[in-house]
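What follows is a single structure, written as C-alpha coordinates, with notes after it.
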2 protein chains.
Amino acid sequence: MPRSSATRPTRRQREPLSRERIARAALALIDAEGLEACTMRRLGASLGVEAMALYHHLPTKGDLLDAVMELLLDEMDMPTRAEAPPLQRVRRVMRSYWEIAVRHPRAFILLAARRFNTDRAFRLYEQLLEAFADAGLDAAGSARWFRLIGGFASGAGMAYAASSEAVADATSLRLEHAPDRIPYPHVRAVAPYLRVQNLDAGFEFGMDRLMAQLTLELHGERR
Amino acid sequence: MPRSSATRPTRRQREPLSRERIARAALALIDAEGLEACTMRRLGASLGVEAMALYHHLPTKGDLLDAVMELLLDEMDMPTRAEAPPLQRVRRVMRSYWEIAVRHPRAFILLAARRFNTDRAFRLYEQLLEAFADAGLDAAGSARWFRLIGGFASGAGMAYAASSEAVADATSLRLEHAPDRIPYPHVRAVAPYLRVQNLDAGFEFGMDRLMAQLTLELHGERR
DNA sequence: ACCTGAACACCGTTCAAGT
DNA sequence: ACCTGAACACCGTTCAAGT
(Lines give C-alpha, C1' and ligand atoms only; values in the text may rest on other atoms or scores of the structure.)
Protein backbone atom coordinates (compact mmCIF):
# COMPACT_ATOMS: atom_id res chain seq x y z
CA MET A 1 0.00 0.00 0.00
CA PRO A 2 2.78 2.50 0.62
CA ARG A 3 4.48 0.80 -2.32
CA SER A 4 1.80 1.76 -4.85
CA SER A 5 2.06 5.43 -4.07
CA ALA A 6 5.84 5.16 -4.06
CA THR A 7 6.34 3.56 -7.45
CA ARG A 8 4.60 6.31 -9.40
CA PRO A 9 4.71 9.61 -7.57
CA THR A 10 2.23 11.24 -9.92
CA ARG A 11 1.91 14.61 -8.32
CA ARG A 12 -1.77 15.25 -8.93
CA GLN A 13 -3.40 12.07 -7.67
CA ARG A 14 -1.77 11.63 -4.25
CA GLU A 15 -3.45 12.53 -0.99
CA PRO A 16 -1.80 15.44 0.83
CA LEU A 17 0.97 14.94 3.35
CA SER A 18 0.27 15.14 7.05
CA ARG A 19 2.19 14.46 10.23
CA GLU A 20 0.33 11.19 10.68
CA ARG A 21 0.69 10.02 7.07
CA ILE A 22 4.41 10.77 7.16
CA ALA A 23 4.78 8.92 10.48
CA ARG A 24 2.98 5.86 9.08
CA ALA A 25 5.28 5.83 6.06
CA ALA A 26 8.27 6.18 8.38
CA LEU A 27 7.18 3.23 10.53
CA ALA A 28 6.60 1.12 7.40
CA LEU A 29 10.08 2.05 6.19
CA ILE A 30 11.65 1.19 9.56
CA ASP A 31 9.80 -2.14 9.74
CA ALA A 32 10.88 -3.03 6.23
CA GLU A 33 14.43 -1.73 6.07
CA GLY A 34 15.52 -0.67 9.54
CA LEU A 35 15.88 2.53 11.49
CA GLU A 36 19.00 3.60 9.62
CA ALA A 37 17.08 3.40 6.33
CA CYS A 38 14.59 5.94 7.60
CA THR A 39 16.21 9.09 6.24
CA MET A 40 14.32 12.21 5.25
CA ARG A 41 15.29 11.67 1.62
CA ARG A 42 14.23 8.04 1.42
CA LEU A 43 11.09 8.71 3.42
CA GLY A 44 10.19 11.51 1.03
CA ALA A 45 10.78 9.21 -1.92
CA SER A 46 8.48 6.55 -0.42
CA LEU A 47 5.78 9.23 -0.31
CA GLY A 48 6.47 10.49 -3.81
CA VAL A 49 7.79 13.78 -2.56
CA GLU A 50 11.10 15.57 -2.11
CA ALA A 51 12.68 15.31 1.35
CA MET A 52 12.26 18.99 1.94
CA ALA A 53 8.47 18.78 1.70
CA LEU A 54 8.47 16.84 4.98
CA TYR A 55 9.78 19.85 6.84
CA HIS A 56 6.49 21.56 6.25
CA HIS A 57 4.81 19.06 8.56
CA LEU A 58 7.60 18.12 10.96
CA PRO A 59 10.16 20.72 12.00
CA THR A 60 12.97 18.22 12.57
CA LYS A 61 13.86 14.58 12.35
CA GLY A 62 13.51 14.26 16.11
CA ASP A 63 9.88 15.27 15.75
CA LEU A 64 9.47 12.60 13.10
CA LEU A 65 10.77 9.97 15.50
CA ASP A 66 8.48 11.29 18.24
CA ALA A 67 5.58 10.90 15.80
CA VAL A 68 6.62 7.29 15.13
CA MET A 69 6.76 6.67 18.89
CA GLU A 70 3.21 7.95 19.22
CA LEU A 71 2.12 5.55 16.51
CA LEU A 72 3.71 2.69 18.43
CA LEU A 73 2.12 3.76 21.69
CA ASP A 74 -1.24 3.84 19.92
CA GLU A 75 -0.92 0.08 19.55
CA MET A 76 -0.78 -0.39 23.28
CA ASP A 77 -3.57 -1.80 25.39
CA MET A 78 -4.83 0.83 27.79
CA PRO A 79 -7.49 -0.92 29.87
CA THR A 80 -9.70 1.31 31.98
CA ARG A 81 -10.73 0.78 35.58
CA ALA A 82 -13.96 -0.84 34.47
CA GLU A 83 -12.28 -3.44 32.31
CA ALA A 84 -10.17 -5.44 34.73
CA PRO A 85 -8.77 -5.53 38.28
CA PRO A 86 -5.62 -3.43 38.83
CA LEU A 87 -2.92 -6.08 38.56
CA GLN A 88 -4.49 -7.51 35.45
CA ARG A 89 -4.44 -4.02 33.95
CA VAL A 90 -0.73 -3.64 34.75
CA ARG A 91 -0.08 -6.97 33.15
CA ARG A 92 -2.04 -6.18 30.01
CA VAL A 93 -0.27 -2.87 29.55
CA MET A 94 3.12 -4.56 29.92
CA ARG A 95 2.16 -7.39 27.66
CA SER A 96 1.15 -4.99 24.92
CA TYR A 97 4.43 -3.09 25.34
CA TRP A 98 6.29 -6.35 24.79
CA GLU A 99 4.17 -7.07 21.75
CA ILE A 100 5.34 -3.84 20.16
CA ALA A 101 8.86 -5.24 20.29
CA VAL A 102 7.62 -8.40 18.58
CA ARG A 103 5.72 -6.55 15.86
CA HIS A 104 8.25 -3.74 15.37
CA PRO A 105 11.66 -5.04 16.44
CA ARG A 106 13.50 -2.43 14.42
CA ALA A 107 11.47 0.47 15.77
CA PHE A 108 11.25 -0.67 19.40
CA ILE A 109 14.54 0.96 20.33
CA LEU A 110 12.84 4.32 19.92
CA LEU A 111 10.64 3.52 22.91
CA ALA A 112 13.54 2.21 24.96
CA ALA A 113 16.01 4.97 24.18
CA ARG A 114 14.08 8.18 23.61
CA ARG A 115 12.43 10.26 26.25
CA PHE A 116 8.67 10.00 26.45
CA ASN A 117 7.66 13.56 25.94
CA THR A 118 4.36 13.43 24.13
CA ASP A 119 0.99 13.82 25.75
CA ARG A 120 0.04 10.34 24.61
CA ALA A 121 2.96 8.87 26.54
CA PHE A 122 1.88 10.66 29.69
CA ARG A 123 -1.65 9.36 29.27
CA LEU A 124 -0.21 5.86 29.14
CA TYR A 125 1.81 6.44 32.30
CA GLU A 126 -1.27 7.81 34.01
CA GLN A 127 -3.30 4.72 33.19
CA LEU A 128 -0.56 2.44 34.43
CA LEU A 129 0.13 4.39 37.61
CA GLU A 130 -3.58 4.51 38.32
CA ALA A 131 -3.58 0.72 38.23
CA PHE A 132 -0.66 0.62 40.69
CA ALA A 133 -2.49 3.00 42.98
CA ASP A 134 -5.69 0.96 42.73
CA ALA A 135 -3.68 -2.11 43.66
CA GLY A 136 -2.76 -0.39 46.90
CA LEU A 137 0.67 1.10 46.28
CA ASP A 138 1.58 4.61 47.40
CA ALA A 139 3.55 6.99 45.18
CA ALA A 140 6.96 5.70 46.27
CA GLY A 141 5.93 2.08 45.82
CA SER A 142 4.36 2.83 42.46
CA ALA A 143 7.59 4.43 41.28
CA ARG A 144 9.64 1.43 42.34
CA TRP A 145 7.35 -1.19 40.91
CA PHE A 146 6.95 0.82 37.76
CA ARG A 147 10.73 0.86 37.36
CA LEU A 148 10.99 -2.83 38.12
CA ILE A 149 8.20 -4.09 35.89
CA GLY A 150 8.74 -1.46 33.23
CA GLY A 151 12.48 -2.00 33.27
CA PHE A 152 11.97 -5.70 32.73
CA ALA A 153 9.48 -5.17 29.88
CA SER A 154 11.81 -2.70 28.23
CA GLY A 155 14.91 -4.85 28.64
CA ALA A 156 13.08 -7.95 27.46
CA GLY A 157 11.80 -6.07 24.43
CA MET A 158 15.30 -4.85 23.60
CA ALA A 159 16.64 -8.37 23.95
CA TYR A 160 13.95 -9.60 21.58
CA ALA A 161 14.69 -6.85 19.10
CA ALA A 162 18.43 -7.47 19.25
CA SER A 163 18.09 -11.20 18.62
CA SER A 164 15.40 -10.77 15.99
CA GLU A 165 16.43 -11.63 12.46
CA ALA A 166 15.15 -8.29 11.25
CA VAL A 167 17.92 -6.35 12.93
CA ALA A 168 21.13 -5.83 11.04
CA ASP A 169 24.51 -5.86 12.74
CA ALA A 170 24.89 -9.60 12.47
CA THR A 171 28.51 -10.57 12.84
CA SER A 172 30.58 -13.74 12.99
CA LEU A 173 29.52 -15.48 16.21
CA ARG A 174 25.81 -15.91 16.68
CA LEU A 175 24.63 -17.21 20.00
CA GLU A 176 21.46 -18.74 18.64
CA HIS A 177 22.76 -20.38 15.51
CA ALA A 178 26.17 -21.78 16.23
CA PRO A 179 26.04 -22.78 19.89
CA ASP A 180 28.33 -25.72 19.22
CA ARG A 181 31.15 -23.35 18.31
CA ILE A 182 30.96 -21.60 21.67
CA PRO A 183 33.78 -22.79 23.95
CA TYR A 184 31.85 -22.06 27.14
CA PRO A 185 29.87 -24.98 28.57
CA HIS A 186 27.20 -23.07 30.48
CA VAL A 187 26.58 -20.72 27.59
CA ARG A 188 26.31 -23.71 25.26
CA ALA A 189 23.81 -25.43 27.57
CA VAL A 190 21.60 -22.39 28.02
CA ALA A 191 21.77 -21.05 24.45
CA PRO A 192 18.91 -23.20 23.08
CA TYR A 193 16.56 -21.77 25.68
CA LEU A 194 17.45 -18.24 24.64
CA ARG A 195 16.35 -18.70 21.04
CA VAL A 196 14.01 -16.08 19.75
CA GLN A 197 11.13 -18.59 19.61
CA ASN A 198 11.35 -19.05 23.38
CA LEU A 199 11.44 -15.38 24.26
CA ASP A 200 7.69 -14.97 24.47
CA ALA A 201 7.41 -17.74 27.04
CA GLY A 202 10.34 -16.12 28.82
CA PHE A 203 8.49 -12.83 28.96
CA GLU A 204 5.45 -14.52 30.50
CA PHE A 205 7.68 -16.31 32.99
CA GLY A 206 9.20 -13.01 34.05
CA MET A 207 5.85 -11.29 34.38
CA ASP A 208 4.54 -14.22 36.43
CA ARG A 209 7.38 -13.88 38.90
CA LEU A 210 7.11 -10.12 39.14
CA MET A 211 3.38 -10.21 39.69
CA ALA A 212 3.80 -12.97 42.26
CA GLN A 213 6.30 -10.90 44.21
CA LEU A 214 4.15 -7.79 43.98
CA THR A 215 1.08 -9.69 45.18
CA LEU A 216 3.08 -11.08 48.09
CA GLU A 217 4.16 -7.60 49.06
CA LEU A 218 0.71 -6.07 48.77
CA HIS A 219 -0.72 -8.71 51.08
CA GLY A 220 1.77 -7.77 53.77
CA GLU A 221 3.83 -10.94 53.79
CA ARG A 222 7.00 -8.85 53.94
CA ARG A 223 7.97 -5.50 55.49
CA MET B 1 45.15 12.93 28.67
CA PRO B 2 43.52 12.33 25.31
CA ARG B 3 43.29 16.13 25.12
CA SER B 4 47.02 16.74 25.20
CA SER B 5 47.69 14.51 22.23
CA ALA B 6 44.73 16.09 20.44
CA THR B 7 45.74 19.70 20.77
CA ARG B 8 49.07 19.38 19.01
CA PRO B 9 49.10 16.44 16.62
CA THR B 10 52.86 16.57 16.07
CA ARG B 11 53.33 13.54 13.94
CA ARG B 12 56.65 12.34 15.33
CA GLN B 13 56.02 12.35 19.07
CA ARG B 14 52.68 10.54 19.33
CA GLU B 15 52.37 6.91 20.30
CA PRO B 16 51.14 4.65 17.48
CA LEU B 17 47.47 3.92 16.98
CA SER B 18 46.01 0.61 18.08
CA ARG B 19 42.55 -0.90 18.31
CA GLU B 20 42.54 -0.35 22.06
CA ARG B 21 43.85 3.21 21.96
CA ILE B 22 41.26 4.12 19.34
CA ALA B 23 38.50 2.49 21.39
CA ARG B 24 39.53 4.42 24.50
CA ALA B 25 39.45 7.68 22.58
CA ALA B 26 36.05 6.74 21.17
CA LEU B 27 34.64 6.05 24.64
CA ALA B 28 36.04 9.34 25.92
CA LEU B 29 34.42 11.13 22.98
CA ILE B 30 31.06 9.41 23.60
CA ASP B 31 31.18 10.19 27.32
CA ALA B 32 32.00 13.82 26.61
CA GLU B 33 29.87 14.61 23.59
CA GLY B 34 27.51 11.72 22.94
CA LEU B 35 27.29 8.76 20.64
CA GLU B 36 26.35 10.86 17.62
CA ALA B 37 29.54 12.90 18.07
CA CYS B 38 31.63 9.76 17.72
CA THR B 39 32.29 9.92 13.99
CA MET B 40 35.36 8.55 12.29
CA ARG B 41 36.44 12.05 11.35
CA ARG B 42 36.07 13.56 14.80
CA LEU B 43 37.56 10.52 16.45
CA GLY B 44 40.56 10.77 14.15
CA ALA B 45 40.93 14.45 14.99
CA SER B 46 40.88 13.67 18.72
CA LEU B 47 43.82 11.34 18.09
CA GLY B 48 45.69 13.80 15.89
CA VAL B 49 45.18 11.70 12.81
CA GLU B 50 43.06 11.67 9.66
CA ALA B 51 39.87 9.60 9.80
CA MET B 52 41.18 7.21 7.20
CA ALA B 53 44.08 6.14 9.40
CA LEU B 54 41.57 4.44 11.72
CA TYR B 55 40.62 1.98 9.01
CA HIS B 56 44.05 0.45 9.30
CA HIS B 57 43.14 -0.82 12.76
CA LEU B 58 39.38 -1.30 12.55
CA PRO B 59 37.79 -2.44 9.30
CA THR B 60 34.48 -0.69 9.91
CA LYS B 61 32.63 1.56 12.28
CA GLY B 62 30.70 -1.43 13.61
CA ASP B 63 34.02 -2.94 14.72
CA LEU B 64 34.82 0.32 16.47
CA LEU B 65 31.56 0.13 18.42
CA ASP B 66 32.26 -3.52 19.27
CA ALA B 67 35.64 -2.42 20.60
CA VAL B 68 33.95 0.21 22.76
CA MET B 69 31.55 -2.45 24.07
CA GLU B 70 34.50 -4.60 25.08
CA LEU B 71 35.95 -1.68 26.97
CA LEU B 72 32.67 -1.25 28.83
CA LEU B 73 32.45 -4.95 29.62
CA ASP B 74 35.98 -4.77 30.99
CA GLU B 75 34.61 -2.55 33.73
CA MET B 76 32.28 -5.27 34.93
CA ASP B 77 32.71 -7.25 38.07
CA MET B 78 33.28 -10.90 37.23
CA PRO B 79 33.50 -12.65 40.61
CA THR B 80 34.78 -16.21 40.55
CA ARG B 81 33.38 -19.20 42.41
CA ALA B 82 35.86 -18.69 45.20
CA GLU B 83 34.87 -15.10 45.86
CA ALA B 84 31.22 -15.32 46.87
CA PRO B 85 28.17 -17.59 47.01
CA PRO B 86 26.25 -17.94 43.73
CA LEU B 87 23.42 -15.47 44.27
CA GLN B 88 25.81 -12.84 45.54
CA ARG B 89 27.83 -13.33 42.37
CA VAL B 90 24.74 -12.83 40.22
CA ARG B 91 23.95 -9.71 42.13
CA ARG B 92 27.46 -8.29 41.84
CA VAL B 93 27.54 -8.88 38.10
CA MET B 94 24.19 -7.16 37.65
CA ARG B 95 25.16 -4.32 39.93
CA SER B 96 28.29 -3.65 37.91
CA TYR B 97 26.26 -3.73 34.68
CA TRP B 98 24.01 -1.07 36.13
CA GLU B 99 27.03 0.97 37.18
CA ILE B 100 28.17 1.10 33.57
CA ALA B 101 24.93 2.93 32.78
CA VAL B 102 25.69 5.37 35.59
CA ARG B 103 29.29 5.97 34.52
CA HIS B 104 28.67 5.91 30.76
CA PRO B 105 25.04 6.91 30.17
CA ARG B 106 25.69 7.93 26.60
CA ALA B 107 27.51 4.71 25.71
CA PHE B 108 25.26 2.30 27.59
CA ILE B 109 22.85 1.96 24.70
CA LEU B 110 25.56 0.05 22.85
CA LEU B 111 25.27 -2.74 25.41
CA ALA B 112 21.49 -2.72 25.33
CA ALA B 113 21.04 -2.54 21.57
CA ARG B 114 23.98 -4.31 19.92
CA ARG B 115 24.49 -8.03 19.79
CA PHE B 116 27.10 -9.42 22.14
CA ASN B 117 29.44 -11.10 19.73
CA THR B 118 32.88 -10.78 21.22
CA ASP B 119 34.66 -13.47 23.16
CA ARG B 120 34.76 -11.21 26.20
CA ALA B 121 30.98 -11.00 26.21
CA PHE B 122 30.70 -14.77 26.13
CA ARG B 123 33.10 -15.07 29.02
CA LEU B 124 30.87 -12.76 31.00
CA TYR B 125 27.80 -14.83 30.17
CA GLU B 126 29.66 -17.96 31.18
CA GLN B 127 30.53 -16.54 34.58
CA LEU B 128 26.97 -15.44 35.18
CA LEU B 129 25.38 -18.69 34.01
CA GLU B 130 27.83 -20.64 36.12
CA ALA B 131 26.53 -18.74 39.13
CA PHE B 132 22.93 -19.59 38.19
CA ALA B 133 23.90 -23.24 37.84
CA ASP B 134 25.72 -23.19 41.17
CA ALA B 135 22.59 -21.71 42.74
CA GLY B 136 20.72 -24.82 41.63
CA LEU B 137 19.01 -23.81 38.39
CA ASP B 138 18.95 -26.09 35.35
CA ALA B 139 19.56 -24.76 31.83
CA ALA B 140 15.92 -23.78 31.24
CA GLY B 141 15.66 -22.05 34.60
CA SER B 142 18.97 -20.28 34.06
CA ALA B 143 17.76 -18.96 30.71
CA ARG B 144 14.55 -17.63 32.23
CA TRP B 145 16.14 -16.03 35.26
CA PHE B 146 18.90 -14.64 33.11
CA ARG B 147 16.28 -12.99 30.89
CA LEU B 148 14.35 -11.72 33.88
CA ILE B 149 17.22 -10.33 35.90
CA GLY B 150 19.24 -9.27 32.88
CA GLY B 151 16.20 -7.70 31.24
CA PHE B 152 15.56 -5.66 34.36
CA ALA B 153 19.19 -4.54 34.63
CA SER B 154 19.26 -3.58 30.98
CA GLY B 155 15.92 -1.77 31.10
CA ALA B 156 16.84 0.02 34.31
CA GLY B 157 20.15 1.08 32.78
CA MET B 158 18.42 2.41 29.68
CA ALA B 159 15.94 4.30 31.84
CA TYR B 160 18.84 5.82 33.76
CA ALA B 161 20.64 6.75 30.57
CA ALA B 162 17.52 8.26 29.03
CA SER B 163 16.81 10.44 32.04
CA SER B 164 20.43 11.37 32.58
CA GLU B 165 21.31 14.97 31.87
CA ALA B 166 24.13 13.85 29.62
CA VAL B 167 21.81 12.57 26.94
CA ALA B 168 20.59 14.98 24.30
CA ASP B 169 17.10 14.83 22.85
CA ALA B 170 15.64 16.98 25.57
CA THR B 171 12.37 18.42 24.40
CA SER B 172 9.59 20.58 25.81
CA LEU B 173 7.99 18.49 28.54
CA ARG B 174 10.37 17.01 31.04
CA LEU B 175 8.96 14.57 33.55
CA GLU B 176 11.56 15.29 36.18
CA HIS B 177 11.73 19.04 36.01
CA ALA B 178 8.25 20.33 35.40
CA PRO B 179 5.98 17.86 37.15
CA ASP B 180 3.56 20.65 38.08
CA ARG B 181 2.79 21.23 34.42
CA ILE B 182 1.69 17.63 33.91
CA PRO B 183 -2.09 17.39 33.87
CA TYR B 184 -2.14 13.80 35.11
CA PRO B 185 -2.49 13.36 38.87
CA HIS B 186 -0.84 9.96 39.28
CA VAL B 187 2.06 10.93 37.06
CA ARG B 188 2.47 14.13 39.04
CA ALA B 189 2.46 12.24 42.33
CA VAL B 190 4.96 9.62 41.25
CA ALA B 191 7.29 11.87 39.22
CA PRO B 192 9.43 13.00 42.21
CA TYR B 193 10.28 9.38 42.98
CA LEU B 194 11.44 8.81 39.43
CA ARG B 195 14.09 11.52 39.57
CA VAL B 196 17.51 10.44 38.44
CA GLN B 197 18.83 10.75 42.02
CA ASN B 198 16.43 8.04 43.15
CA LEU B 199 17.18 5.60 40.39
CA ASP B 200 20.05 3.88 42.17
CA ALA B 201 17.84 3.09 45.15
CA GLY B 202 15.23 1.90 42.66
CA PHE B 203 17.71 -0.46 41.09
CA GLU B 204 18.57 -1.94 44.49
CA PHE B 205 14.86 -2.28 45.28
CA GLY B 206 14.31 -4.19 42.04
CA MET B 207 17.27 -6.47 42.59
CA ASP B 208 16.09 -7.17 46.16
CA ARG B 209 12.68 -8.29 44.90
CA LEU B 210 14.10 -10.39 42.10
CA MET B 211 16.58 -12.12 44.35
CA ALA B 212 13.86 -12.69 46.95
CA GLN B 213 11.63 -14.35 44.38
CA LEU B 214 14.49 -16.43 43.03
CA THR B 215 15.45 -17.57 46.52
CA LEU B 216 11.85 -18.52 47.22
CA GLU B 217 11.75 -20.59 44.07
CA LEU B 218 15.05 -22.33 44.70
CA HIS B 219 13.91 -23.38 48.15
CA GLY B 220 10.87 -25.08 46.69
CA GLU B 221 8.20 -22.81 48.14
CA ARG B 222 6.44 -22.79 44.78
CA ARG B 223 5.97 -25.26 41.93
C1' DA C 1 53.57 -0.69 7.49
C1' DC C 2 51.21 3.19 8.32
C1' DC C 3 49.13 7.38 7.07
C1' DT C 4 47.17 11.12 3.69
C1' DG C 5 44.20 13.52 -0.02
C1' DA C 6 40.82 13.44 -2.98
C1' DA C 7 36.73 11.54 -4.20
C1' DC C 8 31.98 9.03 -3.97
C1' DA C 9 27.53 8.45 -2.45
C1' DC C 10 25.19 9.63 1.04
C1' DC C 11 23.15 12.53 5.42
C1' DG C 12 19.96 16.65 7.94
C1' DT C 13 18.76 21.17 7.18
C1' DT C 14 18.40 26.17 5.17
C1' DC C 15 16.79 29.21 1.96
C1' DA C 16 15.18 31.36 -2.03
C1' DA C 17 12.19 30.32 -5.56
C1' DG C 18 8.30 28.36 -7.86
C1' DT C 19 2.92 27.07 -8.20
C1' DA D 1 -0.16 26.93 1.52
C1' DC D 2 2.58 23.56 -0.11
C1' DC D 3 6.36 21.85 -2.59
C1' DT D 4 11.04 22.09 -5.30
C1' DG D 5 16.19 22.87 -6.44
C1' DA D 6 20.34 24.10 -5.18
C1' DA D 7 23.39 24.52 -1.67
C1' DC D 8 25.96 23.83 3.00
C1' DA D 9 28.28 21.29 6.27
C1' DC D 10 28.55 17.11 7.42
C1' DC D 11 28.72 11.46 7.22
C1' DG D 12 31.22 6.31 6.25
C1' DT D 13 34.16 4.33 3.10
C1' DT D 14 37.30 3.44 -1.20
C1' DC D 15 41.37 3.99 -3.51
C1' DA D 16 45.55 5.57 -5.28
C1' DA D 17 49.38 7.84 -3.62
C1' DG D 18 52.87 9.22 -0.45
C1' DT D 19 56.61 8.16 3.49
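Because the structure is a prediction, the values reported are computed rather than measured. Note on naming: letters A, B, ... go to the chains in the order of the sequence lines (proteins, then strands), and numbering restarts at 1 for each one.
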Please state whether the base of C:dC2 and the side chain of B:H56 form at least one donor-acceptor pair under 3.5 Å?
-> no

Complementary nucleotide for D:dC15 - Watson-Crick or wobble, under 3.5 Å | C:dG5

Using atom types as modelled and distance alone, determine if a side-chain donor or acceptor of B:N198 lies under 3.5 Å from a backbone N or O of B:P192.
->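 Here the side-chain-to-backbone pair exists.
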
May I ask you to check whether B:Y55 and B:D63 show a side-chain donor-acceptor distance below 3.5 Å?
->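 The answer is no; no qualifying pair exists.
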
Salt bridge (Lys or Arg N to Asp or Glu O under 4.0 Å) partners for B:E126, two or more places apart |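 None.
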
Using a cut-off of 4.0 Å between protein heavy atoms and nucleotide atoms, how would you tag nucleotides 6-19 of chain C 5' to 3' with B, S and -?
-> BB---BBBB-----

Count the heavy atoms belonging to other residues, nucleotides or ligands that lie under 6.0 Å from OH of A:Y193, then report whether that count exceeds 12.
-> no

Before accepting this row, confirm whether a basic side-chain N of the pair A:R91/A:E204 lies closer than 4.0 Å to the acidic partner's carboxylate O.
-> yes

Hey, does the side chain of B:H57 come within less than 4.0 Å of C:dA1's phosphate (OP1/OP2), counting only N and O?
->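 For C:dA1, OP1/OP2 do not have a side-chain N/O of B:H57 under 4.0 Å.
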
